[in-house]
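Okay, so here's the structure we're looking at.
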Amino acid sequence: MPEGPEMVFLKEQTEQFIGQVVVEVKGRTRNIPFELVKGQELTQIRTFGKEILFCFHNNVVRVHLMFFGKYAINGEVNRPLELGLSFEDGDLNFYACDCRFLKEPLEAVYDWSADVMSESFDQEQALQKLLRQPTQLICDALLDQSILAGVGNGIKNEVLFRARLHPESQVDQIPIAILKDLIKECVTQSFRYLDSKREGTVKEHWLVYQQKECPRDHIPLRKEKVGKGQRSGYFCEKCQVLFHPVTG
DNA sequence: GGTTATGTTATTTC
DNA sequence: AGAAATAACATAAC
């Protein structure tokens with residue numbers, strides 16, 4: 001579930017609990033002081049990138065689903081409970097996730113201008129941050145949460161395809177216009193992902209990620225571990241241009 | 001049974 | 001000291 005749009009979707013699904021008081025806190029997480037959460041009223045839910053933030057009057061419960069995280073709303077799943085919040089009317093259960101307790105004001109912790117799903121996302125700032133990492137490969141840079149919070153491996157592959165850019169292109173070799181287009185696509189595709197999540201059509205959503213054939217050229221996609229992160233890359237070597245330094 | 005996978009952080013090594 | 005590599009954690013599907 002981990003990419004940004006899915007967190008926004010989760011926020012929409014859990015807003016039913018806003019205004020309700022937490023009547024019980026359970027789970028094996030040791031990062032949350034249960035006694036400080038119990039009895040508190042959920043005032044707001046926010047997301048930052050791949051994180052969801054449950055806000056109470058004086059503190060925040062942060063959940064990150066990591067690789068394998070799952071959740072259940074008004075239900076349970078048969079596996080170890082990481083964090084369970086029971087409200088006056090219903091409950092919210094998280095599994096295999098990373099939970100944290102934040103006491104500081106959110107503004108001191110998060111910069112929403114880096115979050116592709118945020119109204120405050122700043123494309124120009126993202127471009128400047130990218131340019132500050134000139135020798136990075138674009139496939140690694142796209143997954144940098146301090147530049148494009150919320151972008152995960154699925155969105156990464158989709159935006160590279162749409163911008164016709166080879167994942168192993170080096171940042172400083174890519175024309176600025178293409179970088180700008182790529183950043184714009186990060187926003188567009190993230191919201192498109194959210195739409196397909198709402199409609200329940202995520203499986204049909206992907207053009208290249210986990211796919212076999214290039215939708216443009218109808219030739220097999222290459223599937224390789226790319227970049228320093230060695231994450232799965234799905235790309236077409238015919239229509240996605242490689243920008244790399246000329247050697248010698 | 002081995003491999004792979006939507007991610008991040010802590011620890012170790014150079 | 002600091003960057004870079006490695007390990008660690010979690011779990012289901014093929």
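In what follows, every chain begins at residue 1, and chains take the letters A, B, ... in the order their sequences are listed.
The base-pairing partner of C/dA4, taking Watson-Crick or G-U wobble contacts with both distances under 3.5 Å, is B/dT12.
In this pair, A/W112 and A/Y110 present their aromatic rings tilted. The plane angle is within the 30 to 60° band.
Using a cut-off of 4.0 Å between Lys/Arg side-chain N and Asp/Glu carboxylate O, A/E107 and A/R46 are scored as salt-bridged. Checked for salt-bridge contact, A/R198 and A/E12 meet the test: a charged N lies under 4.0 Å from a carboxylate O.
Between A/N31 atom CG and C/dC9 atom P the separation is 15 Å, expressed in whole Å. Here C/dC9 presents its C1' atom at 10 Å from CG of A/D98, a figure rounded to the nearest Å. Rounded to an integer number of Å, the gap from CG of A/L81 to P of C/dA10 is 15 Å. Spacing between atom CZ of A/F9 and atom C1' of B/dT6 amounts to 16 Å, rounded to whole angstrom units. Rounded to an integer number of Å, the gap from A/F67 CZ to B/dT9 C1' is 14 Å. The distance from atom CZ of A/F94 to atom P of C/dA10 is 18 Å, rounded to the nearest whole Å. The distance between atom CG of A/L142 and atom C1' of B/dG7, rounded to the nearest whole Å, is 16 Å. The CG atom of A/L65 sits 14 Å away from the P atom of B/dT9 (whole-angstrom rounding).
When each of B/dG7, B/dT6, B/dT9 is scored by its nearest atom to the side-chain atoms of A/E6, the top-ranked nucleotide is B/dT6. The side chain of A/M66 lies closest to B/dT8 when the candidates are B/dT6, B/dT8, C/dA10. Closest to the side chain of A/K228, from the set B/dA5, B/dG7, C/dA5, is C/dA5.
At C/dA10, none of the side-chain N or O atoms of A/R79 fall inside 4.0 Å of OP1 or OP2 (strictly under the cut-off). Look at A/Y95 and you won't find any side-chain N or O under 4.0 angstrom from OP1 or OP2 of C/dA10. Between A/K225 and the phosphate of B/dA5, there is a side-chain N or O to OP1/OP2 separation shorter than 4.0 Å. Contact annotation: A/R231 side-chain N/O to B/dT6 OP1/OP2 distance is under 4.0 Å. Taking only side-chain nitrogens and oxygens, A/Q210 never comes nearer than 4.0 Å to OP1 or OP2 of B/dA5. Residue A/K50 places none of its side-chain N or O atoms closer than 4.0 Å to OP1 or OP2 of B/dT6.
When the P atom is used for both B/dT6 and C/dA4, the distance is 24 Å, rounded to whole Å. Using atom P as the reference point in both C/dA12 and B/dT9, the two lie 23 Å apart (nearest Å).
Side chains of A/E158 and A/Y193: no donor on one and acceptor on the other come within 3.5 Å. A donor-acceptor contact closer than 3.5 angstrom is absent between the side chains of A/Q133 and A/D140.
In this structure, A/E82 reaches neither bases nor backbone, as no heavy-atom distance under 4.0 Å exists between it and the strands shown. Using a 4.0 Å heavy-atom distance criterion, A/K223 is classed as a sugar-phosphate-only contact.
Each of A/N157 and A/R100 lies near DNA chain B, and the nucleotide nearest A/N157 is the one positioned closer to the 5' end.
A cation-pi arrangement is absent between A/R62 and A/F48 under the rule of less than 6.0 angstrom and at most 45 degrees off the ring axis.
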